[in-house]
Trainee: 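After the structure tokens below, expect a handful of questions from me.
Note on naming: letters A, B, ... go to the chains in the order of the sequence lines (proteins, then strands), and numbering restarts at 1 for each one. Everything numeric here is computed off the predicted structure, so don't read it as measured data.
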Number of protein chains: 2
Amino acid sequence: MAERAGCCLPKLAPRLDGAEARRISDELALLAHPIRLQILDLLAQSQGQVCVCDLEAALPVKQPTVSHHLKILREAGLITAERQGLWIYYSIRADAVQAVPERLLAHFASLG
Amino acid sequence: MAERAGCCLPKLAPRLDGAEARRISDELALLAHPIRLQILDLLAQSQGQVCVCDLEAALPVKQPTVSHHLKILREAGLITAERQGLWIYYSIRADAVQAVPERLLAHFASLG
DNA sequence: CATATATATTGAAGTTTGTCAATATATAGC
DNA sequence: GCTATATATTGACAAACTTCAATATATATG
């Protein structure tokens, strides 16, 4: 049959299973927040030596919110924290951050 | 002063303003959903000629949910739709999809 | 130990997102 | 126009996310 007899025939199967799709989307969701992007930008700007109050002063959210986003980024391995006395200095893990779009690019390239 | 006198002194200013951060995070949020990633995968797999019922059959969600995500992807310019009789065939815009991680990569590269 | 400061955590409230049943719209064929 | 099929839209509900005030924890200093 040259034409499709009706619809839903090709038995399309997902090459990307649900678990893998969730893995990628979770990784993207980490970066899909303006405050988190700004935090990463600020950390990249001044290599190391950025404390929470520096971030709070530069961002339009309060301290608990900054800490909340820092925790998310830290648990994802995108930033690191080091306490020095009263302050806790955060740093970006540039390689881990750049790996995200690289993996995404590889994923979409393999779709083509 | 060689040492920082207290904290919050460097007057960190965001190179990335709120509007630009939101632009990037909105773009990321588009892809940060497992069903949308699977839809893009399925569309890439069978170039064109994929109707909604094909997608519904391959995915763990019902038809209104498929249509919902298709609308989001279409309004973002990542896919196109073409009606043929009763069916509406969706296609991926591979260039538009790949441009997202490319822009993201460029963004993070410029942070370094 | 008491005080002060920096950051983390908790808990609550508002907002957004995701899903689906029900319904509407569009097209084809009779 | 009537019926059948494919897709879109609406409306409601639940779950997840975001934010902040209040509080807790940790560290430094007197």
Trainee: Applying a 4.0 Å non-hydrogen cut-off, can you work out what Arg36(A) is touching in the nucleic acid: base, sugar-phosphate, or nothing?
Mentor: sugar-phosphate
Trainee: Between dT19(C), dT7(D), dT9(D), which one does the side chain of His69(B) approach most closely?
Mentor: dT19(C)
Trainee: Provide, to the nearest angstrom, the distance between the NZ atom belonging to Lys62(A) and the P atom belonging to dA6(C).
Mentor: 16 Å
Trainee: The side chain of Leu86(B) lies closest to which of these nucleotides: dA21(D), dT7(C), dT5(D)?
Mentor: dT5(D)
Trainee: Trp87(B) has an atom CH2; how far is it from atom C1' of dA4(D), in whole Å?
Mentor: 12 Å
Trainee: Where the side chain of Arg23(A) meets the backbone of Ser25(A), is there a donor-acceptor pair that is under 3.5 Å apart?
Mentor: no
Trainee: Looking at the side chain of Thr65(B), which of dT27(D), dT7(D), dT19(C) is the nearest nucleotide?
Mentor: dT19(C)
Trainee: Which nucleotide wins on minimum distance to the side chain of Val52(A), given the candidates dT9(D), dA6(D), dA8(C)?
Mentor: dA8(C)
Trainee: Quick one: does any side-chain atom of Arg74(B) pair with a main-chain N or O of Ala76(B) as donor and acceptor, under 3.5 Å?
Mentor: no
Trainee: Can a donor-acceptor pair under 3.5 Å be found between the side-chain atoms of Gln63(B) and the base atoms of dA8(D)?
Mentor: yes
Trainee: So, Arg36(B) side chain and Ala29(B) main chain: donor-acceptor pair closer than 3.5 Å or not?
Mentor: yes
Trainee: In whole Å, I'd like the distance from the CD1 atom of Ile88(A) to the P atom of dT9(C).
Mentor: 9 Å
Trainee: What is the distance, to the nearest angstrom, from the OH atom on Tyr89(A) to the P atom on dA8(C)?
Mentor: 13 Å
Trainee: Round to the nearest Å and state the distance from Leu73(B) atom CG to dA8(D) atom C1'.
Mentor: 15 Å
Trainee: Report the distance from atom CD1 of Ile39(B) to atom C1' of dT19(C), rounded to the nearest whole Å.
Mentor: 13 Å
Trainee: Expressed as a whole number of angstroms, how long is the span from Gln38(B):CD to dG18(C):C1'?
Mentor: 15 Å
Trainee: Where the side chain of Cys51(A) is defined as all heavy atoms beyond and including C-beta, which of dA8(C), dT7(C), dT7(D) is the nearest nucleotide?
Mentor: dT7(C)
Trainee: Check whether any side-chain nitrogen or oxygen of Lys71(B) sits under 4.0 Å from OP1 or OP2 of dA8(D), and answer yes or no.
Mentor: no
Trainee: So which nucleotide from dT19(C), dA26(C), dT7(D) ends up closest to the side chain of Ile35(B)?
Mentor: dT19(C)
Trainee: Check the pair His33(B), Leu31(B) against side chain to side chain contact (heavy atoms under 4.5 Å, CB included), reporting the backbone distance first and the verdict last.
Mentor: CA-CA 6 Å; His33(B) 193 287; Leu31(B) 299 180; over 6 Å; no
Trainee: Please compare Pro64(A) and Gly85(A) by the position of their nearest nucleotide in DNA chain D and report the one closer to 5'.
Mentor: Pro64(A)
Trainee: Report the nucleotide, chosen from dA8(D), dT5(C), dT19(C), that has the shortest atom-to-atom distance to any side-chain atom of Tyr90(B).
Mentor: dA8(D)
Trainee: Please lay out, stage by stage, how Lys62(A) and Glu56(A) fare under the test salt bridge (Lys or Arg N to Asp or Glu O under 4.0 Å).
Mentor: CA-CA 6 Å; Lys62(A) 301 291 186 186; Glu56(A) 184 185 4; 5.9 Å; no
Trainee: For Gln84(A) and dA28(D), what is the distance between atoms CD and C1' respectively, to the nearest whole Å?
Mentor: 14 Å
Trainee: Starting the side chain at C-beta, find the nucleotide from dT9(D), dA26(D), dA8(C) nearest to Ser67(A).
Mentor: dA8(C)
Trainee: Could you check which of dC20(D), dT7(D), dT7(C) has an atom nearest any side-chain atom of Val61(A)?
Mentor: dC20(D)
Trainee: Would you indicate which nucleotide in dG18(C), dT19(D), dT7(D) comes nearest to any side-chain atom of His33(A)?
Mentor: dT19(D)
Trainee: If you define the side chain from C-beta out and look only at heavy atoms, does anything of Leu42(B) sit under 4.5 Å from Leu59(B)?
Mentor: yes
